[in-house]
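Numbers here are sequence positions counted from 1. The shown structure was predicted, so the numbers you read here are calculated from the model rather than taken from an experiment.
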Amino acid sequence: ACWSANETVSLDAADITAHIAQEFCIEAGESIILLGASEDQSSAYRQYPNRHVELNIIVCPVIIDGEVIPLYFCVLGLVFGKCGAVLNYNRYSCALVVFNARILAVLGSNYFDDFLVEEPAFASHSGPSCVREMHRLLRIALDSGKSEDLCMFFQFLGLLNDSSHMSDH
């Protein structure tokens with residue numbers, strides 16, 4: 001017997017911020033002021049574990065004085081470029097977004113290791129606080145240099161989002 005399986009990474013596009021804003025306004029029945037923030041995981045792939053059986057099979061040939069010496073070592077996190085690493089990583093990051101939405105009621109998205117949080121201004125900046133606390137509890141480090149607090153002008157995936165005129169439309 002022969003079989004195969006295929007899995008594809010499916011991520012939101014950069015315009016997800018507009019879709020989230022539209023859904024907020026539809027649900028509220030009126031225009032609201034929406035704020036956005038973004039977070040980035042630090043060394044993202046290295047923070048997620050390999051399966052135990054994969055820890056002892058990583059070999060790196062090292063050449064010292066013309067002699068090839070095999071170096072054996074364990075990498076506790078996903079190895080970028082290893083078969084399945086991108087899919088495995090995205091399973092974790094997408095699960096975090098679902099957890100945020102369904103358990104913490106924090107609406108957002110992700111694109112690989114970049115996380116978006118959007119919420120109405122009246123929510124008192126609770127969304128990013130919840131996301132940061134969840135990462136802290138799971139021991140997943142965020143890159144503080146790339147962290148953006150909630151505001152009407154925020155960047156996500158290199159695009160500057162401006163929600164200052166949402167109440168006009």
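Under a hydrophobic-cluster definition in which Ile, Leu, Val, Met, Phe, Trp and Tyr are linked whenever side-chain heavy atoms come within less than 4.5 Å, directly or via other members, Val117 and Ile103 are assigned to the same cluster. In the hydrophobic cluster analysis, where Ile, Leu, Val, Met, Phe, Trp and Tyr join through side-chain heavy atoms closer than 4.5 angstrom, Leu159 is grouped apart from Met152. In the hydrophobic cluster analysis, where Ile, Leu, Val, Met, Phe, Trp and Tyr join through side-chain heavy atoms closer than 4.5 angstrom, Phe99 is grouped together with Val106.
A heavy-atom distance below 4.5 Å is not found between the side chains of Leu35 and Pro120. Side-chain contact check for Leu160 versus Phe153: some heavy-atom pair is nearer than 4.5 Å. In this structure the side chain of Leu96 never reaches within 4.5 angstrom of the side chain of Val131, judged on heavy atoms. At a threshold of 4.5 Å between non-hydrogen side-chain atoms, the residues Leu157 and Asp114 count as touching. A 4.5 Å side-chain heavy-atom check between Leu116 and Asn110 finds every atom pair outside the cut-off.
Shortest non-hydrogen contact noted between Pro128 and Glu119 is CD-OE2, 3.9 Å. Across Glu118 and Gly36, no two heavy atoms sit closer than the pair CG-CA, 4.2 Å. Across Leu142 and Glu39, no two heavy atoms sit closer than the pair CD1-OE1, 3.7 Å.
For the atom pair CZ of Phe112 and OG of Ser93, the computed distance is 8.5 Å after rounding to the nearest 0.5 Å. Taking CG of Leu104 as the reference point, atom OG of Ser129 lies at 11.5 Å (rounded to 0.5 Å). One distance of note links OG of Ser147 with CZ of Phe115; it measures 13.0 Å at 0.5 Å rounding. Taking CZ of Phe154 as the reference point, atom CG of Leu34 lies at 7.0 Å (rounded to 0.5 Å). Atom CD1 of residue Ile140 and atom OG of residue Ser43 lie 13.0 Å apart, to the nearest 0.5 angstrom.
Take Glu148 and apply the salt bridge (charged side-chain N to carboxylate O under 4.0 Å, His left out) test, not counting sequence neighbours, and it matches no residue.
Screening Glu133, Arg132, Arg139, Met134 against Arg136 for a side chain to side chain contact (heavy atoms under 4.5 Å, CB included) leaves a single residue, Glu133.
Within 6.0 Å of CD1 on Ile69 lie more than 12 heavy atoms contributed by other residues, nucleotides or ligands.
Side chains of His135 and Gln41: a donor on one and an acceptor on the other come within 3.5 Å.
For Lys146 and Asp113, the salt-bridge test fails: no basic side-chain N is under 4.0 Å from an acidic carboxylate O.
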